[in-house]
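Take a look at the structure set out below.
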Amino acid sequence: KSNFSVWQRLETAEISKIARYYVLDIRRTDFREKLVQAIVLFQEGLETLHIDIALLKFWTGIELLCAKDTREPTEKVVERASSIFINPKHAAMRLNFIQEFRNKIVHQGDVGGHSVLCAQWGSIYLSFVIGFFLFNKYKLRKHSEILDYLSAPLDEKKLVETIALYRKRLKMLRKK
């Protein structure tokens with residue numbers, strides 16, 4: 001938190017050239033506040049002495065970035081977050097496990113057991129999600145665009161079919 005707040009106070013000219021590029025790039029997005037909150041949650045999760053609180057912070061950061069502002073099913077958040085990994089099915093399995101354990105903590109007060117493991121995985125997954133949002137090579141600047149990208153099918157055949165369907169829809173709209 002303290003390092004991040006120092007960066008907020010620095011003028012763009014006072015930071016390194018490469019950092020300046022990313023700071024300016026983040027300022028062009030409409031999700032910079034979500035990104036700042038997720039980074040703060042990540043750092044607070046790393047700093048806390050309570051594993052269960054760390055897990056809650058890591059999961060909240062993932063939800064913050066991968067969910068729409070309206071209430072959405074957790075499955076959608078997991079689907080989006082896992083889609084950036086080489087093995088999305090394995091990532092989804094772990095994210096579901098983390099989320100279920102998080103629910104036990106929040107709703108049943110169940111602590112212990114897999115807290116350390118879930119917190120470790122949560123920190124890893126949140127760091128990769130933050131990295132994707134910060135450094136996305138597709139220059140997606142709107143939160144809704146990133147969510148649409150993360151929600152796109154991962155199966156090549158299904159994606160081709162979806163694109164073909166959207167092209168037909170676009171063709172129909174242009175004829176109007």
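This chain uses plain numbering: 1 for the first residue, then up along the sequence.
The aromatic rings of F42 and F58 are tilted relative to each other, their planes meeting at an angle between 30° and 60°. Ring geometry for F31 against H143 counts as tilted: the plane angle lies between 30° and 60°, on a 0 to 90° scale.
Using a 4.5 Å heavy-atom threshold, the side chains of L65 and L35 count as touching.
The distance between the ring centers of F128 and F85 falls below 6.0 angstrom.
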Chi angles and distances behind the side-chain contact (heavy atoms from CB on, under 4.5 Å) call for K68, L147: CA-CA 8 Å; K68 292 182 179 179; L147 294 184; 3.6 Å; yes
Derivation of the salt bridge (Lys or Arg N to Asp or Glu O under 4.0 Å) call for E79 and K76: CA-CA 5 Å; E79 176 188 317; K76 202 69 181 159; 3.3 Å; yes
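Applying the side chain to side chain contact (heavy atoms under 4.5 Å, CB included) test between Y125 and each of I130, L95, V78 identifies L95 as the sole match.
Contact detail for A81 and V129: the closest heavy-atom pair is CB-CG2, 4.3 Å.
For R80 and S151, the side-chain atoms include at least one donor-acceptor pair closer than 3.5 Å.
Counting non-hydrogen atoms of other residues, nucleotides and ligands closer than 6.0 Å to NZ of K89 gives a total of 12 or fewer.
Under a 4.5 Å side-chain heavy-atom cut-off, the cluster of Ile, Leu, Val, Met, Phe, Trp and Tyr residues that includes L159 is completed by I163.
Pairs engaging residues 148-176 under the ring-ring contact (aromatic ring centres under 6.0 Å, His included) rule: F132-Y149, Y138-Y149 [sequence neighbours left out].
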